[in-house]
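Model, not experiment: these values are computed from the prediction. Each chain gets a letter, A, B and so on, in the order its sequence line appears, and its residues count up from 1.
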Amino acid sequence: MRIIRIASALVAATAAVSLVGCASNETAAPAATQTATGATSTAALSGTLAGKGATSVKAAQEAWTAAFQTANSGVTVNYSPEGSGAGISAFTAGAVGFAFSDVALSDEQEAATFTGCAPDSKALNLPLYISPIAVIFKVEGVDSLSLDEATLAGIFAGRITNWNDPAIVATNSGVTLPDSPIAVVHRADESGTTANFTDTMHTLAPEVWTWESDKVWPADLSGETATGTSGVVDAVTNGKNIIGYADASAAKDLGHADLLVGDKPLAPTADAAAAIVDKSPVVTGRGEHDLALALDRKAAGVYPAVLVSYGIVCESYADAAQGALVKAYFGYLGSDKGQQDAAAAAGSAPLSSAMLAKVKAAVDSIT
Amino acid sequence: MTRPNPTAVDGDPRPGAVAPASVPDPRRPGEAVFRRLATGSGIAILVILALVAAFLLWQGFPALLASPEVLAKQAYGAFGTWVLPYVFGTIWAAVLALAMAVPVSIGIALFISHYAPRRIAQPLGYVIDLLAAVPSVVFGLWGRQVLAGATQPLYEWLNTNLGWFPLFSGQVSTTGRTILTAAIVLAVMVLPIITSLCREVFLQAPRLHEEAALALGATRWEMIRMAVLPFARPGIIAAVMLGLGRALGETMAVAMVLSGGRTITFELLTPDNPNTIAATIAQNFPEAFGLKVNQLIAAGLVLFLVTLAVNMAARWIVARRAEYSGAN
C-alpha cells in the first residue's frame, strides 16, 4: 500500500518535472520573434541557449557568453565544455542549440537526422576559433630553434634522441646544441591539441610520423606525460633539455621552435595561424554556406600546427526562437569584436576579414 | 524496507563490547531513539557502499561486456590490458608512499605520546592535524612546481651512482615528475592520518603495563617495544589501512605530479611511469563520451575492488596474528 503511494508520488513528480521542462522551452518562443542581425541588435532577445562541445574553446566561450549576456540581458547562454564528441552527440540529439568541435562533422555525422533542426535541414560547420600550437622547448644555452618537418616528427616519434643529432644541427647553424638526450613531453589526457599536432606531423612527414591523427598520444611511444596545457607548460618550464607542444597563448614565456616548411621558418603567430583558414579549401558536397575546411597544412606561408574549432549549428531550426538566439550569438562570435574578445581572453588568432565575411553570410542564412 | 533489526549490533565482535539491553526502558525514550540512530547510521554506511558499487557495476557493465574490438574502436582498447598498468601503478605508488610514511608517522606519534614534553607535544599534534586539512590540489601544485624540480638532481645522482640497482636504473627524468616524487607527495598526504590515529592508540596503552616494564628495569625503548607497540598493533594496522585508502584513491595530486603512462616498471626515476587508476579517470573524463565513460567507470570499479581486497587482506593478517600478539 505504502509502496504504491510512493510510486505514484514519484510518477507525479517526474511528470511535473517534464512538464516544467517543456514549458521552459516554450517560453522562449514568443519572446524572440524578431529577426536578429548580429550582436549589435539590442532588441529584446530573451531565452536560454545551451551549447556543448570542445574544451579548447572554454576560455573563449566564457568571454563570449559574458559579453553576449551583457549586451542582451534577457538571454542566458550556457556552454558546457565536455569535449567535441559529447557536443556532437548532444547537438545531433537536439539536446543543445549548438556545438563546438575541434574537427568538422564527417560525412557520416553530417548525414544524420538532427532532431533540433527543421526537417531536411543540415548542420553548418563554421570555423570560429583558431589557436596556433607552439612547439616549446627548454635547452640549456639554446634560445632559438628551427626544425624541419622530418626532424620535428623524428623527435616526437623518438627516432631522434639527442640534441646534437645531425638532423637538428643541420637547420640550426650558429646554435650550440648540448650532447644530452631529448626529453619529450606530451599530453596525458585526450585533447584536440594532440589531435591537431599529430595531424600536422602526419601530414607534413607521413614517412616518419606513421600514426594517424588522434586525440590520444600513440600508446607505443614512451616519454614524459603531463595533464592539460598548463601541465605541459609546467613540465617544460621546470625541466631541462625538454621539448613539448602546447597552445601558443599558454606558453608565452618559453622558447618557441620555428617550423621550417618549404625552407621558410614560421613562428606560431596569429597571422600565420589565421592564414590557414583562408588558404584551405572548403569541403565539397556540403550545403551552400557550410565552411567545413580541409585544412591545408602545407600551404605556403601557413603555420601548420593549428587547432581550428568549428561552431556547429542548424541551417534551419525547428524552434524559430532558438534559431533567432543562435543567429544573434553566432553573429557576435563571427564579428570582429567577437574575435578580438576571444583573442584577449584565450589568446586565439582572430579570423581574417575575408573569412569573417563568409561566416557572416553563413550566419545570416540561419533561420 | 522493513524496520531495522535492533539485534544487528549484537554481532559486534569486539571483546568486552557492551551488548545493548534487548528491551528498552519505557521510561527513557532517549535510549530507544539513540539506539535507532546508531543502528541507522550503521546501516546507512552499508547502503551507501552498496549504492556506489551498484552505480559502478551498472555504468561500467557496457565496457566489461563489450568485445575488445569494439573497445579498441570506440574506447581505449581491450579492458584487461588497458587497466592492468593502472592497477599496478596505483598499488606501486601507494606501497612506496606507505613505505616512507609509516615509519615516520609511528616515530612522530611515539615522540608526541612518550618522548616529548607536554608543552611541545600538544602544539605538534595540532600542526600535524593541520597538515591533513591542506587540499590535495595544493599538494599537487607543490609537488609539480617545487618538489619535482628540487629532487631531480638527487635522482640524477642516484641514477649515475647507484644505477646498477634495478629501482634506480633506466633513463633518468629531466623534470623529476617520477613515481618516486608522486609517492613522496602521497606520503606527506597520508602522514597526518596515520600519525593522528597512532598517537591516540599509543596514549591508550595501559599505564600499569608501562610502569611494570620500567620497574623491571626496561629502558624506555624496551618499554615501548614490550608494552606499547604490541598493545597498539591493531590500531597501527587500522591507521595504515586508512592511509592506504587515501593513497590508493588520491587523484588530483597524482594527476598533477606524475608523468604517467602505461609502462609496467619498477624503475623509480624514469619519465615512463605507470599511471594510477584515479588519475587516469580524472585526466580522461572531461573528453570522454559513450563507451569511453563506461570504460573509465569500469576502471573505477576495479579500483573499488582493489581497495576492498587490500583492506580485507590486511584485516585477515591482523586477525590471524591477534592470537599471539601478546597484547591480551
> With rounding to the nearest 0.5 angstrom, report the CD to CG distance, B:Gln152 to A:Asn238.
10.5 Å

> Could you grab the distance from atom NZ of B:Lys292 to atom NZ of A:Lys215, nearest 0.5 Å is fine?
6.5 Å

> Rounded to the nearest 0.5 Å, how far does OG1 of B:Thr280 lie from CG of A:Asp189?
11.0 Å

> How many angstroms lie between atom CG of B:Leu258 and atom OG1 of A:Thr225, to the nearest 0.5 angstrom?
6.5 Å

> Go through the atoms of A:Lys138 and report whether side chain, backbone, both or neither lie under 4.5 Å from a heavy atom of chain B.
neither

> Report which part of A:Thr55 has an atom under 4.5 Å of a heavy atom belonging to chain B: side chain, backbone, both, or neither.
both

> When heavy-atom pairs shorter than 4.5 Å are enumerated against chain B, which of A:Gly192, A:Ser89, A:Ala86 gives the highest number?
A:Ala86

> Using non-hydrogen atoms only, which part of B:Phe285 is less than 4.5 Å away from chain A: side chain, backbone, both, or neither?
neither

> What closest approach, in Å, do B:Arg262 and A:Ala219 show between heavy atoms, and which atom pair accounts for it?
NH1-CB, 4.4 Å

> Write down the atom of B:Gln283, the atom of A:Thr227, and the distance for their closest heavy-atom approach.
NE2-OG1, 2.6 Å

> Top residue by heavy-atom pair count (under 4.5 Å) with chain B, among A:Ala183, A:Gly223, A:Ala188?
A:Gly223

> Please indicate whether A:Asp143 has more than 12 foreign heavy atoms, meaning atoms of other residues, nucleotides or ligands, lying under 6.0 Å from its CG.
no

> I need the B:Thr175 OG1 to A:Asn241 CG distance, nearest 0.5 Å.
11.5 Å

> Enter the distance from B:Ser259:OG to A:His186:NE2 here, rounded to the nearest 0.5 Å.
7.0 Å

> Measuring heavy-atom distances to chain B, does A:Ser230 have an atom under 4.5 Å in its side chain, in its backbone, in both, or in neither?
both

> Quick check on B:Gln171 against chain A: is it the side chain, the backbone, both or neither that has a heavy atom closer than 4.5 Å?
side chain

> Tell me the closest heavy-atom pair linking A:Asp234 and B:Gln145, and the distance in Å.
OD2-NE2, 3.3 Å

> Which residue out of B:Gly290, B:Ala255, B:Pro271 racks up the most heavy-atom pairs below 4.5 Å with chain A?
B:Pro271

